[in-house]
Amino acid sequence: MRNKKINLENEFRRIINFFFILLPALFLQFSFLVSCQSDITSDYPLEPIEFTKVKINDKFWAPRLETNQQVTIPYAFQMGEETGRIKNFEEAALVLKGEKEHGEFHSKYPFDDSDVFKIIEGASYSLAINPDPELASYLDNLIAKIKAAQEPDGYLYTARTIKAEKPHPWIKKERWANLSISHELYNVGHLYEAAVAHYLATGKRDLLDVALKNADLIASVFGPGKRIGVPGHQEIEIGLVKLYRVTGKRKYLDLAKFFLDERGRGEKRELYGEYSQDHLPVVEQREAVGHAVRAVYMYSGMADVAALTKEKAYIEAIKEIWSDVISKKLYVTGGIGASGRIEGFGQPYELPNASAYCETCASIGNVFWNQRMFLFTGDGKYIDVLERTLYNALLSGISLEGNRFFYPNVLESFGQQERSPWFSCACCPSNITRFLPSLPGYVYAVHDDQLYLNLFIQNEAEISLKKHQVKVRQETTYPWEGQVRIILEPASPLEFTLMVRIPGWARGEAVPSDLYRFLEEKTPLPEVTINGIKLDFRKDDLTQGFLPIKRFWQAGDEVEVIFPMPIRRVIAHPRVKDDEGLIALQRGPLVYCAEAIDNGGRVTHLVLPDEVKLEAELKPDWLKGVVVLKGEAVALYAGKKEGVVEKREQPFLALPYYAWAHRGRGEMRVWLARQEDKTRPWPQPTLASRAKVSVSGGRGVAAVNDQWKPQSSNDHSHPYLHWWPNKGTTEWVEYKWEQPVVVSQAEVYWFDDTGQGECRLPQAWRILYLAGTEWKEAQNQTTYEIAKDKYCQVTFQPVKAKALRLEIQLQKDYSAGILEWKVK
C-alpha cells in the first residue's frame with residue numbers, strides 16, 4: 001500500500017507541476033500540494049497562467065505556432081541527424097559498450113549536444129498541447145540513444161565519451177578541466193530543461209532519470225568543500241532550479257546558487273573575465289558586459305534562485321543591470337549585443353546598425369529575463385521591453401516558412417544578409433523551437449485578486465483566481481489594429497481586479513528610459529469601455545503601467561480597449577552617434593524598416609523628412625499579411641560633376657522589421673535619414689562598379705566595388721571581402737567587363753582587424769591583366785603601397801583588357817581582406 005501511495009503522490013506531483021514547470025525559463029509561485037521531500041515555501045509573487053491553459057487562435061501568432069510544430073521542429077531534428085549531432089550519441093554508446101575503442105565526433109562543437117536537448121524540449125511542449133504519436137515515438141527512440149551515451153556514473157558529454165583519436169581542442173584529459181570553454185555544464189543545463197519538459201508532458205521518466213543521475217554526479221563533485229569551478233557559459237543554473245521544482249530536492253537549488261556565488265571570486269581559481277560575467281561577484285555587478293546570451297541566462301538564473309531563497313542582493317544587482325541595458329545598450333528593435341567580436345554588449349551607447357549582433361538567442365534570453373523581472377515586481381515596463389523584443393528582434397530570427405534563420409539580426413544591410421537553412425553553431429534555431437510553443441504562457445498572470453493582462457493576442461483562456469474559475473477571451477487583430485475586446489466569464493459573480501497593461505508606446509514612451517523617444521510629443525490615451533460605458537482615466541490612475549479595474553464581474557462582462565496606433569517617428573539619445581540625424585518608424589509594438597525591393601532598388605540614398613505624412617495600409621496577401629507604411633521620400637543622386645547632387649521625390653514603403661529578407665537580398669535600413677547630410681547619394685557608375693567580380697574563394701565578393709567609402713581599415717560598418725580562415729596563401733580578386741577597357745591605375749583599401757581578428761595587411765600584391773587567354777603582370781610605374789587606413793595606389797602602363805586581376809600574397813599565419821578596389 002505504501003508503494004501504491006507513493007506512486008499516486010508522485011503522479012499527483014507530476015500533474016500539479018505540469019502547469020508550472022513546463023514553461024521554459026518561467027517558474028511560478030506555488031506550493032506543492034503533495035510534499036514527500038519538498039520544502040518549497042516561496043516563489044515569485046506573481047504567477048503566470050500556464051501555456052496549456054491559453055489557446056491562441058489569431059491570425060498572427062497561431063500560424064507561427066502551427067508552423068513551429070509542423071515545420072520547424074521536424075526540420076530541426078532532421079538537421080540534427082544530417083549534421084551528426086544525434087550520431088554523436090550513437091557513437092558514444094558504441095564506445096561505452098566496448099564495440100569501439102575510439103569513436104568519431106561527427107559534428108563541429110562540443111556544445112552540439114545542447115541543440116538536441118533544446119529541440120526535445122520544444123517538441124515536448126508541442127506534445128503537451130497537440131498530442132502526436134509519431135513525434136512521441138521519435139522522442140522515445142532519441143531518448144534511448146541519449147541514455148545509452150551516458151557513462152555509468154552519470155557523466156554525459158559525447159565529445160569526451162567518444163574518445164576520438166584527435167579530440168576537439170576544447171577537450172582536456174580530465175573532466176571539468178576546461179570549464180571556461182568546454183560547455184560540459186552548459187550542455188546538461190539544457191538536458192535538465194528538456195528532461196523536466198518531457199516528463200511533465202508525457203509522464204515518462206526516461207530522460208528525467210538521465211538528468212537526475214547527471215545532476216547527482218555534478219552535485220557530488222562541485223560545491224562547498226568540494227571542487228570549485230563555474231561554467232563558462234551559464235545555463236545549468238536554470239536547469240538545476242527546474243530539477244529542484246520537480247523533485248523538491250534542495251541540493252539542486254543549492255548547487256545553482258553555488259555556481260552563481262562562485263562567479264567573480266578568484267581565491268581558488270583563475271577568473272574568466274568580463275566575457276563570461278566572471279569579473280566580479282554577481283551581487284557586485286551593476287553593468288551588462290560580455291557575451292549577451294551568457295549574461296541574460298545568468299540574470300534569469302539569479303532571478304529564479306532569488307525567488308526561491310529571497311536573496312535580495314541578487315535582485316538589487318539585476319535591477320541595476322537591467323537599467324544599464326535599457327538606458328544604454330538596447331536596440332530599438334529590443335535586440336541586445338552590439339559587438340560581433342564577443343557576441344555581446346559594447347560600451348554605453350555603442351549601438352552600430354550594420355554591424356549590430358543582436359543574436360536571436362540573446363533576444364530569447366532577454367524575454368526570459370524581463371518576464372522574471374515582471375513576476376517579481378508587477379511592473380509593466382518589463383513587459384514593454386519583452387513585447388518590443390518579441391515582435392521585432394526575436395521574430396526576425398525565423399522565416400515565415402519556419403525553416404530559415406538569422407543568427408545576428410542587423411538593423412542595416414547592404415545586401416549581404418539572408419536567412420540561413422542552418423548553422424554549424426545552431427543554438428538559435430534550436431532555441432526558437434522551444435520558445436515559440438511557450439508563448440501562450442506570457443499572456444496572463446495572477447496575484448491575489450488581480451488578473452494581469454500582459455499581451456494582446458486573440459485567445460481563449462481558463463484561469464484560476466481566488467480558487468474560482470474564470471474564462472477569458474480576447475478578440476483582436478493586434479498588432480495590426482489597436483482594438484481589443486476582453487470577454488470575462490467567471491463561473492459565478494466574482495470580485496477581482498482586472499489589470500490591463502497600457503503599453504509604453506500607448507503612453508508616449510518609446511522605452512522605459514531616455515535612450516529612445518518619440519518625435520511627436522502628444523499621445524492620446526486609449527479609450528476603455530466596460531459593457532459599452534466609457535471609463536475615464538488619466539495616466540496618474542495607472543499602477544506601474546497597468547489600468548486597474550476592480551468590480552464584481554459577471555459572465556459576459558466585456559471590456560473594450562482601443563489603442564490609437566499612429567505612426568511614430570523614433571529618435572535616439574544624442575550619445576548614440578550611429579543614429580544621429582536618423583529616425584526609426586514604429587506603429588504599435590512593431591518597428592519598421594525599408595527594403596530596396598520596395599524603394600527603387602536602394603534605400604541608403606533616401607531621406608524621409610519629418611514633415612512627410614505616412615499612411616498605414618493593410619496588405620492581407622503580402623508576406624502572410626502585413627500592415628505597411630507608405631508615403632513620399634526624397635532620393636539623392638550624385639551628378640556627373642563632382643559635388644552636384646540631384647533630388648527626386650519617389651514613393652516610399654516600409655514593412656515590419658521581422659518580415660524583411662523574404663524576397664531576395666538587397667539593402668535594408670531601420671534607421672532612415674531625416675536630413676540630406678545623413679545619407680549617401682546614389683553614386684555614378686564607375687569602371688569598378690560596372691565590372692563582374694569573382695574571387696579565389698573569399699567571402700563578401702560584392703563589397704569590393706560597392707562604392708562605399710571606408711572609415712578605417714577596421715571598418716565593420718560596411719561589407720568587406722576577406723579570405724579568412726585561409727592564411728599565408730596566394731589569393732586573388734578579379735574584375736571582368738563585357739568589352740575591353742583601358743586601365744592604368746588601381747587603388748585598394750585594405751581590411752585589417754588587428755585586435756579583433758586574424759586579417760592583416762598583405763605581404764605583397766600586384767596587378768595582372770588578361771591578354772588573350774594568358775594573365776600578364778602590369779608594368780607598374782609606382783610602388784605597390786601597403787598601409788592601413790588609406791587607399792593604397794599603384795600606377796602602371798595603360799593596358800587594354802576585358803579582365804583585371806588583383807593578386808595578393810597573405811602574410812604567414814594571417815589572412816587578409818579588402819574594403820574597396822577602385823580602378824581608373
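- Looking only at side-chain heavy atoms (C-beta outward), Val799 and Val742 stay at 4.5 Å or farther from each other.
- Other residues, nucleotides and ligands contribute over 12 non-hydrogen atoms within 6.0 Å of the CH2 atom of Trp422.
- Ring centers of His718 and Phe414: under 6.0 Å apart, within the cut-off.
- Separation of the Phe518 and Trp505 ring centroids does not fall under the 6.0 Å cut-off.
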Quiz prompt | Trp660 and Tyr592: CA distance, side-chain angles, deciding distance, ring pair (Phe, Tyr, Trp, His ring centres under 6.0 Å) verdict | solution = CA-CA 9 Å; Trp660 85 281; Tyr592 280 71; over 10 Å; no
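- The residues Glu287 and Lys328 are annotated as not salt-bridged, no charged nitrogen and carboxylate oxygen being separated by less than 4.0 angstrom.
- Taking the ring centroids of Phe751 and His716, they lie under the 6.0 Å cut-off.
- Cation-pi geometry between Lys577 and Tyr349 is not met at under 6.0 angstrom from the ring centre and within 45 degrees of the axis.
- Residues Asn409 and Thr360 have side chains that bring a donor and an acceptor to within less than 3.5 angstrom of each other.
- Using a 3.5 Å distance cut-off with no hydrogens or angles, the side chains of Asp752 and Thr754 do pair a donor with an acceptor.
- Salt-bridge check for Glu676 with Lys647: passed, with a basic side-chain N closer than 4.0 Å to an acidic carboxylate O.
- A heavy-atom distance below 4.5 Å is found between the side chains of His279 and Val289.
- Both tests hold for Arg648 against Tyr637: distance to the six-membered ring centre under 6.0 Å, angle to the ring axis within 45°.
- Two rings, from His573 and Tyr516, have their centers 6.0 Å or more apart.
- Of the N and O atoms on the side chains of Trp732 and Glu807, not one donor lies less than 3.5 Å from an acceptor on the other residue.
- Formation of a donor-acceptor pair under 3.5 Å by the Arg294 side chain with backbone atoms of Gly232 is found in this model.
- Sorted by first then second residue, the side-chain hydrogen bond (donor to acceptor under 3.5 Å, both in side chains) pairs that include residues 699-710, not counting sequence neighbours, number zero.
- Ionic pairing of Lys727 and Asp813 is not present here: no N-O contact between side-chain nitrogen and carboxylate oxygen is shorter than 4.0 angstrom.
- Looking at Arg760 and Asp753, a side-chain N of the basic residue comes within less than 4.0 Å of a carboxylate O on the acidic one, giving a salt bridge.
- A donor-acceptor contact shorter than 3.5 Å links the side chain of Thr83 to the backbone of Met79.
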Exercise. Applying side-chain hydrogen bond (donor to acceptor under 3.5 Å, both in side chains), run through Trp723 and Thr729 and close with a yes or a no.
Key: CA-CA 9 Å; Trp723 284 274; Thr729 54; over 6 Å; no
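- With no hydrogens or angles considered, no side-chain donor-acceptor pair links Thr795 and Gln781 at under 3.5 Å.
- With 3.5 Å as the limit, one finds a donor-acceptor pair spanning the side chains of Asn353 and Asp579.
- Taking the six-membered ring for Trp and thresholds of 30 and 60 degrees, Phe111 and Trp170 have ring planes inclined between 30 and 60 degrees apart.
- His291 and Glu343 share a donor-acceptor pair across their side chains, judged by distance under 3.5 Å alone.
- Within the model, atoms CG of Leu330 and OG of Ser513 stand 7.5 Å from one another, a figure rounded to the nearest 0.5 Å.
- Atoms CG and SG, from Asp598 and Cys593 in turn, are 9.0 Å apart once rounded to the nearest 0.5 Å.
- Atom-to-atom distance recorded for Asp610:CG and Leu519:CG is 5.0 Å, nearest 0.5 angstrom.
- Defined by atom type and a distance below 3.5 Å, a donor-acceptor pair is missing between the side-chain atoms of Gln650 and Asn599.
- Salt bridge status for Lys630 with Glu615: absent, with no side-chain N to carboxylate O gap under 4.0 Å.
- Side chain of Gln684 to backbone of Ala638: a donor-acceptor contact under 3.5 angstrom is found.
- For the pair Lys776 and Leu768, the minimum side-chain heavy-atom distance is 4.5 Å or more.
- Arg419 forms no cation-pi arrangement with Phe405, by the criterion of a distance under 6.0 Å to the ring centre and an angle within 45° of the ring axis.
- Atom CZ of Phe796 has more than 12 neighbouring heavy atoms from other residues, nucleotides or ligands inside a 6.0 Å radius.
- Here Leu614 contributes atom CG and Arg587 contributes atom CZ; the two are 11.5 Å apart, rounded to the nearest 0.5 Å.
- Cation-pi contact between Arg690 and Trp737: absent, since separation from the ring centre below 6.0 Å together with deviation from the ring axis within 45° is not met.
- Of the charged side-chain nitrogens involved, none lies within less than 4.0 Å of a carboxylate oxygen, so that Arg669 and Glu667 do not count as a salt-bridged pair.
- Between Lys790 and Glu785 a salt bridge is recorded (basic side-chain N to carboxylate O distance below 4.0 Å).
- Below 30°, between 30° and 60°, or above 60°: for Tyr407 and Tyr357 the angle between ring planes is above 60°, a perpendicular geometry.
- Here Asn392 contributes atom CG and Cys358 contributes atom SG; the two are 11.0 Å apart, rounded to the nearest 0.5 Å.
- Between the side chains of Ser339 and Arg341, no donor-acceptor pair of N or O atoms lies under 3.5 Å.
- Under the 3.5 Å distance criterion, with hydrogens and angles disregarded, a donor-acceptor pair is assigned to the side chains of Gln675 and Asp677.
- Side chains of Val385 and Val511 form no contact here, defined as non-hydrogen atoms less than 4.5 Å apart.
- A donor-acceptor distance shorter than 3.5 angstrom exists from the side chain of Gln809 to the backbone of Gly728, with no hydrogens or angles considered.
- With a 6.0 Å radius and a threshold of 12 heavy atoms from other residues, nucleotides or ligands, Lys108 has its NZ atom at or below the threshold.
- Ser430 pairs in a side chain to side chain donor-acceptor pair (under 3.5 Å) with only one of the listed residues (Asp115, Thr72, Asp112), which is Asp115.
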